[in-house]
Protein chains: 2
Amino acid sequence: MTSVSTEPRNTDDAASTGAQTSAPTGGSAAQRERRRRILDATISLAAEGGFDAVQMRAVAEQAEVALGTLYRYFPSKIHLLVSALAREFTKDVDRSAIRATPGETAHERIMYVLNRRTRALQKQPKLTEALVRAFMFADQSVTGEIHEVGTSLTTVIARAMHGTPDHGEVTEEEAAIIRIISDVWLSALISWVTGRMDEKDVEKSIDVAVRLLLR
Amino acid sequence: MTSVSTEPRNTDDAASTGAQTSAPTGGSAAQRERRRRILDATISLAAEGGFDAVQMRAVAEQAEVALGTLYRYFPSKIHLLVSALAREFTKDVDRSAIRATPGETAHERIMYVLNRRTRALQKQPKLTEALVRAFMFADQSVTGEIHEVGTSLTTVIARAMHGTPDHGEVTEEEAAIIRIISDVWLSALISWVTGRMDEKDVEKSIDVAVRLLLR
DNA sequence: CCCAAGAGTGAAACACGTTCCTTCGTGAGT
DNA sequence: ACTCACGAAGGAACGTGTTTCACTCTTGGG
């Protein structure tokens, strides 16, 4: 958390070395395996004890890698958590591609996917707290991972809007609406995580936003 | 940052001891003076070097109080920064009460106040980074201060919406719209602070949101 | 089969938020 | 003026994120 602006190592050019931060696919099998273990450990610790429980030493131990190795893979705790979030979100996107979203209207379908996701997050409050905190704290060096998260959320909402798994055309206005909905969702999630809103409030605030935006 | 949920000391009942966290007014003159010095030091350090530069030891030194005293007044760095943010925002609200907001339409007036505030923040990027980060990281124990910030923002937008300094009636729907605008503004600010949006993007995203919501 | 280079290891060290303890100064009540 | 309670001072100490470094292991090319 300390040096946010400095950030020399790991130029991130994907081409450079190997299984770096934003390269979930590159590297040897052993490296992908290590990366997976690290992210698993992260999720597991976060699910148990939230942001504070994701301690780098603990992650390293549980993933059975050395602390130095952990830092080679993820240059900071924030990168680690945001990457974990990205991985989970990506899973969701894959699932949403399988079949059409239920619901008669765009409003219903959007609420369906967002509520489903919201409830999933709320079932693991500690995990969500950790991930949202990390997301909020992320600085420029995490842009890649964050963009990944944003994209998958946009994709899911766009699909729900149209009601079909294919992406089709998204107009400028639709894109703007989706961004706003995402913003509201994120804000609500923050409020929930920090104890300023309860589950009902979250759902309601998104519902209102969607209604106002789709009219 | 470490113990977020535990938090024994300082039961915050305002009645208890004195110049505590959420009591800008109570306490002896010397205590109010200390509090002021602490917040001044916070703003000053934040303006120079951002979140990371607001180090508790440095704040204590610059405010000429002991570290222990600093912690007596503000139980964590987050409380400290959010309190500072609240103080600055409150000043703004006071100013906005003075005269009617310029602009023909609600859209214009809202953009006017939000852009003005946005630009003010952007003139002090480091300070803004520090304050936004703190705001994001705040947990339940900071609810009071955060609510204060939220309220003043709402007030300012409501005034701009109606174009008059008096608060008048705010309908349910208007309140909902204001909340959404605040959410978008906050998200944009986060994106800006974390280097994922530039000044233009911030303005544009708010403009689009206001347009979509006020049509 | 051997070697150089890169990856991984482990431990120590550092930085900074936070806690804790001990001592001092001061103002209110007597 | 005396004492007592309490806020403040000052600083040591602790926890955890991050860095560094010397060393070992793995691996792919000759």
Side-chain angles (χ1 to χ4, degrees), chain A residues 1-10 16-21 23 26-35 37-38 42 45 49-61 63-81 130 133-134 137-139 141, chain B residues 1-10 16-21 23 26-35 37-38 42 45 49-61 63-81 130 133-134 137-139 141:
Chain A
M1 206 134 303
T2 311
S3 61
V4 167
S5 42
T6 71
E7 194 255 29
R9 64 150 65 172
N10 188 7
S16 60
T17 40
Q20 249 49 344
T21 303
S28 70
Q31 284 170 334
R32 280 197 305 281
E33 173 62 14
R34 266 193 207 92
R35 190 188 148 93
R37 284 208 311 275
I38 292 173
T42 303
L45 286 168
F51 187 90
D52 287 348
V54 181
Q55 299 183 359
M56 301 306 267
R57 292 172 178 84
V59 171
E61 188 180 354
E64 298 182 280
V65 300
L67 188 54
T69 306
L70 173 53
Y71 271 95
R72 178 185 295 277
Y73 279 71
F74 300 95
S76 80
K77 175 170 173 172
I78 299 298
H79 283 81
L80 175 58
L81 279 166
R133 281 251 162 93
F137 219 76
D139 74 335
S141 69
Chain B
M1 209 135 301
T2 311
S3 60
V4 167
S5 43
T6 70
E7 196 257 29
R9 65 151 63 171
N10 188 8
S16 60
T17 39
Q20 250 48 346
T21 302
S28 70
Q31 284 169 333
R32 280 198 304 281
E33 174 61 15
R34 266 193 208 93
R35 191 187 148 92
R37 283 207 314 272
I38 292 173
T42 303
L45 286 168
F51 187 89
D52 287 348
V54 181
Q55 300 183 0
M56 301 305 267
R57 290 172 178 85
V59 172
E61 188 179 354
E64 298 182 281
V65 300
L67 189 54
T69 306
L70 173 53
Y71 272 94
R72 176 183 295 278
Y73 280 71
F74 301 94
S76 79
K77 174 170 173 171
I78 299 298
H79 282 82
L80 175 58
L81 279 166
R133 281 250 159 92
F137 219 76
D139 74 335
S141 69

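Residue numbering restarts at 1 for every chain, and letters A, B, ... go by the order of the sequence lines.
- Put simply, A:Q31 has no side-chain N or O that comes within less than 4.0 Å of OP1 or OP2 on C:dG6.
- The phosphate of D:dG7 (OP1 or OP2) has a side-chain N or O of B:R72 nearer than 4.0 angstrom.
- For the pair A:E61 CD and C:dG8 C1', the computed distance is 17 Å after rounding to whole Å.
- In the interface, the side chain of A:R34 is not paired with the base of C:dG8 through any donor and acceptor atom under 3.5 Å apart.
- Note: CZ (B:F74) to P (C:dT18) measures 13 Å, nearest angstrom.
- Atom NE2 of A:H79 and atom P of D:dG17 are 16 Å apart (whole Å).
- Listed candidates were D:dT16, D:dG10, D:dA13. Nearest to the side chain of B:R57 is D:dA13.
- Atom pair B:R133:CZ and C:dG17:P shows a separation of 14 Å (rounding to whole Å applied).
- A:D139 has its side chain within reach of B:R133: a pair of non-hydrogen atoms, C-beta onward, lies under 4.5 Å apart.
- Mapped onto DNA chain D by nearest heavy atom, B:R37 and A:A53 fall at different nucleotides, with B:R37 at the one closer to the 5' end.
- Separating the CD atom of B:E33 from the P atom of D:dA8 is a distance of 13 Å, rounded to the nearest angstrom.
- Within the structure, every side-chain polar atom (N or O) of A:T69 is placed at least 4.0 Å from both OP1 and OP2 of C:dA7.
- In this structure, B:E64 reaches the sugar-phosphate backbone alone: every heavy-atom distance under 4.0 Å involves primed, P, OP1 or OP2 atoms, never a base.
- What separates CE of A:M56 from P of D:dT16 is a distance of 14 Å, to the nearest Å.
- B:E64 CD to B:E33 CD: the interatomic distance, rounded to the nearest 0.5 Å, is 10.0 Å.
- Note that B:K77 lies in the cation-pi zone of B:F51, set by a 6.0 Å cut-off to the ring centre and a 45° limit from the axis.
- Counting non-hydrogen atoms under 4.0 angstrom, A:V54 reaches the backbone sugars and phosphates but no base.
- Look at B:Y73 and you'll find a side-chain N or O under 4.0 angstrom from OP1 or OP2 of D:dA8.
- Taking atom CD of residue B:Q55 and atom P of nucleotide D:dT16, one finds them 20 Å apart after rounding to whole Å.
- Between the side chain of A:H79 and the backbone N or O of A:S141, at least one donor-acceptor pair lies under 3.5 Å.
- Computed from coordinates, the B:Y71 OH to C:dC21 P distance equals 17 Å when rounded to whole Å.
- Heavy-atom distances to DNA chain C give each of A:L67 and A:L70 a nearest nucleotide, and the one nearer the 5′ end belongs to A:L70.
- Counting only heavy atoms from C-beta outward, the side chains of B:Y71 and B:M56 approach each other to under 4.5 Å.
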